[in-house]
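Remarks on the structure that follows.
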Amino acid sequence: MAATVTPANVEELERQWTLPDRGTIGIILLMITETSLFTIFVVAYLVYIGRSLTGPYPKDVLEVPIVASICLLSSSATIVIAENALKRNQLGRFKLWWLITILLGLEFLTATGLEWYHLIYKEGLTISTNLFGTTYYSLVGLHASHVVVGLFFLLLVMLVTLMGFPIQHQERRVKFLSWYWHFVDAIWIVVFTVVYIIGR
Amino acid sequence: MATIEQPLPVRPATIREEFSWSEVLYKWVATVDHKRLGLMYVVSALVFLVIAGIMASIIRLQLAVPNNHVVGPDTYNRLFTMHGTTMVFFVGMPMVAGFSNYLVPLMIGARDMAFPRLNAFGFWIFLFGGILLYFSYIGGSGLTGAGSAPDVGWFAYAPLTEKPFSQGASTDYWILGIFTAGIGSIASAVNVIATAISMRCPGMTLSRMPVFVWVMVIDSWLILLAVPPLTAAQIMLAYDRYLGANFFNTQAGGSAVLWQHFFWIFGHPEVYILIFPAFAILSEVIPVFSRKPLFGRPAMVAAVIAIGFISLGVWAHHMFAVGLTAWSNTFFAASTMMVGIPTGIKIFNWTATMFGGKLRLDTPMLYCCGFLLQFLVAGLTGIMLAVSPFDWQLHDSYFVIAHFHFTLIGGLVFGLMAGMYYWFPKVSGRMYNERLGKLSFWSFVIGFNTTFLPQHFLGFLGMPRRIYTYPTGRGWEGLNMLSSIGVIFQIAAVAMFAWNVVYSAIKGKRAGDDPWDGWTLEWATSSPPPEYNFEKIPVVRSGRPLWDLKHPQDPDWKFGQ
């Protein structure tokens with residue numbers, strides 16, 4: 001194969017030489033290493049299902065957060081709409097759908113907050129109550145912290161766009177942020193399955 | 001092509017400033033240049049190596065004779081904890097990052113890493129982690145006044161590290177210091193992979209990429225997959241200690257074994273993460289000093305990939321004595337023995353590269369030869385320990401100590417030494433003193449084997465690890481004394497190495513761009529390389545671009561290499 005490359009086409013080789021974008025590789029690697037982190041927390045959750053010595057138990061206190069989950073998962077769709085609008089340079093449309101994405105994310109976070117409030121003050125379940133509390137708060141909390149990070153960057157993009165920064169030139173970075181957001185959503189599907197379906 | 005013959009552009013006299021320390025400091029602190037960061041990684045690793053080496057010397061001084069009282073049991077616990085933790089996380093890991101940072105962009109014909117600022121972040125967060133760990137000696141007593149440095153062993157088994165059993169803040173320094181350094185390792189791993197994928201110069205296909213770069217990329221994959229489990233386990237332990245969570249709290253139904261699983265899911269790939277740089281270095285040094293291309297190059301890369309895969313599924317061989325089921329013991333014994341196959345391929349191929357070659361036994365090559373023999377011993381004792389009934393006899397004995405010091409010193413440190421001597425002329429632009437280099441090699445070989453060969457037999461004689469002293473009459477006295485005497489030669493070797501590096505960097509004779517007649521791209525630029533590495537980005541047509549350049553009538557690409 002290499003033997004066919006003769007000195008004559010070296011310049012051509014140089015011109016044709018393209019490699020994957022480093023940012024794309026970077027964000028994919030970040031997701032892979034984050035997956036490894038989540039895996040351990042998920043494994044800990046699965047190992048400790050049904051091992052709590054005292055209550056409250058998941059089947060007594062956990063409500064399935066259907067509305068919040070729908071909100072978070074649909075925000076994956078709205079961010080794609082926003083991204084496509086940005087690609088076509090429709091800034092108004094981009095701002096609208098970006099805002100909707102943020103609101104959906106905020107709704108999810110609020111629902112988690114309310115759920116925790118209910119569990120802590122009404123049901124008396126904290127991280128130190130039993131193994132369920134320990135694994136529940138750490139797994140859901142780890143995911144929620146990723147939602148917080150995502151929301152921070154979503155808000156940052158919103159803010160600079162509203163301040164007139166030409167966000168259409170940062171399409172690549174917006175794309176990476178959207179990938180991260182999809183990743184957080186995908187993790188939620190796993191967490192949801194483990195905590196609210198298998199663990200209940 | 002890539003050779004830079006003309007001198008670097010001289011800075012115009014108008015902006016030429018007086019030499020000032022603050023400027024030098026600023027240059028190093030604010031740098032995002034991969035070569036400076038790589039050097040800082042290696043230098044800080046060497047500083048930590050000396051610190052942890054001093055701890056090891058105190059340990060050997062304590063164990064030289066029975067009923068010794070150089071240090072007490074509490075201090076001894078801190079010594080072996082800090083020695084192990086430092087050697088793994090603050091010597092081995094920064095060496096991985098340092099070598100890959102310095103060499104990967106040069107070898108693939110790039111001007112810098114893919115993410116230079118992330119690179120700088122990774123270095124400083126790693127250094128911060130190291131300082132945090134050592135700050136425990138000053139600030140670790142906490143409010144309850146129990147202990148100073150961590151004393152829980154480098155694997156910090158929970159529930160022993162839970163609050164009731166490890167009072168004070170020393171264990172928290174262990175958690176935080178390594179957590180922080182782990183973030184740096186991940187940053188550097190992301191960088192190495194992205195660099196190798198996205199920054200290769202024209203013509204540098206994956207099949208032409210130097211084996212060094214290949215191995216470092218696979219190493220970085222292991223870091224990405226294996227470090228987060230430790231981070232996760234440390235977060236859990238911190239929750240337990242600070243928020244009263246129950247992950248490892250047996251009183252609340254928590255498992256006493258879970259931490260061991262999580263730790264070794266990290267810990268076993270970790271030992272391959274540590275040894276891979278040595279594999280990478282040998283794969284560059286041996287061909288150049290045998291004047292032959294690497295034997296079975298694709299098999300070498302495939303073997304490293306295989307080792308990487310297998311290493312993710314062998315962790316419980318550290319836990320044979322815990323009391324797992326017979327089936328899991330069998331599984332992990334079998335998977336562990338499988339590591340021997342690709343490792344055997346590697347040893348065979350390095351030897352085959354030397355076979356029939358025109359050997360030049362300079363210091364780097366001597367260290368490679370030392371590696372091959374000593375790492376073989378380490379591999380054989382590894383296979384022995386993989387047999388779980390054998391492990392039940394020798395678990396936590398000095399046999400295990402001897403085994404992993406043969407991998408990590410006889411293997412890793414010898415490989416790193418080969419690498420440091422080999423690339424010293426490139427990094428400093430000057431040649432080291434060959435006679436002193438050889439002297440320090442022989443001193444190191446004698447010292448290392450005197451220290452660690454007898455420890456195999458101490459293990460057979462039943463001496464457990466981590467005891468601060470031992471009574472007379474067990475037959476351990478002579479071997480322990482011998483083991484401690486070896487340390488003197490090792491200290492002498494390291495001192496000679498340090499002197500050689502410092503003196504030669506200032507007074508050594510000029511090395512030129514390509515003192516070894518090498519074949520990879522780093523030898524195509526000046527020594528030391530300019531900030532931009534290559535004046536013109538090179539174009540390559542084979543795995544040995546400099547061979548092609550030096551032998552235009554007989555280039556590799558004509559033969560499909």
Side-chain angles (χ1 to χ4, degrees), chain A residues 1-7 9-54 126-139 141-142 145, chain B residues 1 113-115 118 186 189-191 193-205 207-208 220-221 223-233 235-236 239-240 243-247 249 251-255 258 261-262 265-266 537 539-543 555-561:
Chain A
M1 191 170 61
T4 60
V5 182
T6 54
N9 56 25
V10 164
E11 282 77 23
E12 199 187 336
L13 176 70
E14 204 167 355
R15 235 180 304 113
Q16 288 174 345
W17 188 251
T18 48
L19 290 169
D21 171 49
R22 58 186 175 169
T24 310
I25 304 292
I27 197 83
I28 291 172
L29 295 178
L30 177 76
M31 289 179 200
I32 290 170
T33 193
E34 288 265 39
T35 307
S36 179
L37 183 76
F38 271 101
T39 306
I40 295 297
F41 277 91
V42 168
V43 167
Y45 197 96
L46 290 172
V47 165
Y48 284 147
I49 285 175
R51 296 272 201 95
S52 294
L53 300 181
T54 55
T126 67
I127 196 168
S128 60
T129 309
N130 56 15
L131 278 174
F132 164 57
T134 297
T135 50
Y136 167 80
Y137 284 110
S138 44
L139 180 58
L142 185 68
S145 69
Chain B
M1 204 168 75
M113 299 288 275
F115 310 110
L118 180 69
I186 290 170
V190 167
N191 227 328
I193 300 177
T195 307
I197 293 181
S198 305
M199 310 290 281
R200 280 168 288 133
C201 69
M204 178 69 78
T205 57
S207 57
R208 291 174 193 161
S220 302
W221 273 108
I223 292 177
L224 283 188
L225 296 177
V227 170
L230 175 67
T231 308
I235 294 172
M236 292 174 189
Y239 283 171
D240 275 14
L243 303 176
N246 303 311
F247 278 110
N249 178 8
Q251 298 286 302
S255 164
L258 192 67
H261 277 295
F262 287 167
I265 285 173
F266 149 79
I537 293 295
V539 179
V540 302
R541 267 166 286 155
S542 80
D556 271 357
W557 51 263
K558 270 196 180 162
F559 304 95
Q561 297 263 330

Is a side-chain N or O of B:Ser198 found less than 3.5 angstrom from the main chain of A:Leu19, in a donor-acceptor match?
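No, B:Ser198 side chain to A:Leu19 backbone: no donor-acceptor pair under 3.5 Å.
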Check the angle between the aromatic planes of B:Phe247 and A:Phe41 and answer parallel, tilted or perpendicular using the 30° and 60° thresholds.
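Ring orientation, 0 to 90° scale: perpendicular.
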Among A:Ile40, A:Thr134, A:Thr135, whose side-chain contact (heavy atoms from CB on, under 4.5 Å) with B:Met236 holds?
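When A:Ile40, A:Thr134, A:Thr135 are each tested with B:Met236, the side-chain contact (heavy atoms from CB on, under 4.5 Å) holds only for A:Ile40.
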Find the one option among [options] whose heavy-atom pairs under 4.5 Å with chain B are most numerous.
options: A:Ile28, A:Thr24, A:Asn130, A:Thr39; result: A:Asn130
options: A:Leu142, A:Leu37, A:Thr126; result: A:Leu37
options: A:Ile127, A:Thr18, A:Ile32; result: A:Ile127

In terms of heavy-atom proximity below 4.5 Å to chain A, should B:Ile235 be classed as side chain, backbone, both, or neither?
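Contact with chain A: side chain only.
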Chain A heavy atoms under 4.5 Å from B:Ser220: which part of the residue, side chain, backbone, both or neither?
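No part of it gets close to chain A.
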Close side-chain approach of [X] and [Y], heavy atoms under 4.5 Å:
X: A:Tyr48; Y: B:Leu258; answer: yes
X: B:Val190; Y: A:Leu30; answer: no
X: A:Val43; Y: B:His261; answer: no
X: B:Asn246; Y: A:Phe132; answer: no

Which atom of [X] lies closest to which atom of [Y], heavy atoms considered:
X: B:Phe115; Y: A:Gly26; value: CZ-CA, 3.9 Å
X: A:Ser36; Y: B:Leu225; value: OG-O, 2.8 Å
X: A:Leu131; Y: B:Gly254; value: CD1-N, 3.8 Å

Can you tell me which of B:Ala252, B:Ala194, B:Pro202, B:Gly253 forms the most heavy-atom pairs within a distance under 4.5 Å of chain A?
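The residue among B:Ala252, B:Ala194, B:Pro202, B:Gly253 with the greatest pair count is B:Pro202.
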Any chance you could measure [X], atom [atom1], to [Y], atom [atom2], to the nearest 0.5 Å?
X: A:Leu53; Y: B:Asn249; atom1: CG; atom2: CG; value: 9.0 Å
X: B:Thr195; Y: A:Ile25; atom1: OG1; atom2: CD1; value: 10.5 Å
X: B:Asn191; Y: A:Arg22; atom1: CG; atom2: CZ; value: 9.5 Å

